[in-house]
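In what follows, a structure is listed as structure tokens, so that the remarks can point back to it.
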Amino acid sequence: MHLVKNMICIPIVDNNIGTALKNAKKALEVADIVEFRVDMLKEVDESVIEEMAKFPCIITVRAYWEGGFWKKSNDERIKLIKKAIECNAKFVDIELREEKNKELVKFRDEIGSKTKIIISYHDFEKTPSYEELIKIVEDGLKIGDITKFAVMARGKEDVLKVLNVINKYEGEIIGIAMGEEGKLTRILGVHFGSILTFASMEGKASAPGQIDVKKLKEIWELIL
Ligand SMILES: O=C1C[C@@](O)(C(=O)O)C[C@@H](O)[C@@H]1O
């Protein structure tokens, strides 16, 4: 997949599929890719996934135990992600902690899907040590194509830690320090090697610290 430089991803957080698809079209007027947060939809089935996969997107069905809203069966969740892979969605996101993540990569390889698999890790309380972050990234890259981590920044040291890790894994990472303290990583992360950054649209964010897409572009105009 051709990745544009400084790619912006807007999460689609609507709970109704019609609105989600409408907002995805709108988001793609100002961003490169959208993330469908399927776990936030009231109802979803494989036909919905098929529609989503037609967009340049990440399909995420975030488990509740990783900060998401999916509380139905995990088998159903894995089935939906497999459908996304069958439909050649540009990316799917699966957690490092999900025991079936390797099964999804094997499935992708067996059917010859073009989907890139993001292995993600979240910590909504703190930023792990530099060494722990390196292990998270290394473990993720042993399984999938891209490692993503989103951890809560509690100060400037956390921002430096995250940017240093991003810089070490340029092109195969999405590194985010969440929260007000972590905003600099959402601005500078792509400069140090993240393949994309998440930005909000019309005040709808999927995580703390996301910057409005229009403001982010203005900042990038000035500094990147
Ligand atoms: O993992 C991530 C990153 C994120 O948590 C963020 O901090 O922007 C937003 C989520 O929607 C996405 O799945």
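Order of appearance sets the numbers: ligands from 1, and atoms from 1 within every ligand.
Looking at ligand 1, you'll find an N or O of Arg186 within less than 3.5 Å of one of its N or O atoms.
Proximity to Ser206 (heavy-atom distance under 4.0 Å) selects the following atoms of ligand 1: 9 (C), 10 (C), 11 (O). In the vicinity of Glu35, heavy-atom distances shorter than 4.0 Å reach the ligand 1 atoms 10 (C), 11 (O), 12 (C), 13 (O). Taking every non-hydrogen atom of Arg37 and a distance limit under 4.0 Å, the qualifying atoms of ligand 1 come out as 10 (C), 11 (O). Contact atoms of ligand 1 toward His122: 1 (O), 2 (C) (distance under 4.0 Å to a heavy atom of the residue). Shown in contact with Met178 at under 4.0 Å from a heavy atom are these atoms of ligand 1, numbered in order with element: 7 (O). Here is the list of ligand 1 atoms found below 4.0 Å of a heavy atom in Gln210: 6 (C), 8 (O), 9 (C).
Surrounding CD of Glu103 are more than 12 heavy atoms belonging to other residues, nucleotides or ligands, all under 6.0 Å away.
Checked against salt bridge (Lys or Arg N to Asp or Glu O under 4.0 Å), Lys26 has the following partners two or more places apart in sequence or in another chain: Glu202. Listed by chain and number, the residues in a ring pair (Phe, Tyr, Trp, His ring centres under 6.0 Å) with Phe192 amount to none (sequence neighbours excluded).
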Candidate pair Asp75 and Ser73, rule side-chain hydrogen bond (donor to acceptor under 3.5 Å, both in side chains), full reasoning: CA-CA 5 Å; Asp75 286 349; Ser73 89; 5.5 Å; no
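Atom 5 (O) of ligand 1 has as its closest protein heavy atom Ala207 CB, 3.4 Å. Summary of contacts: the protein heavy atom closest to atom 2 (C) of ligand 1 is Lys148 NZ, 3.1 Å.
Under the 4.0 Å criterion applied to side-chain N and carboxylate O atoms, Asp109 and Lys106 are not assigned as salt-bridge partners. Between Lys71 and Asp39 no salt bridge is recorded (no basic side-chain N to carboxylate O distance below 4.0 Å).
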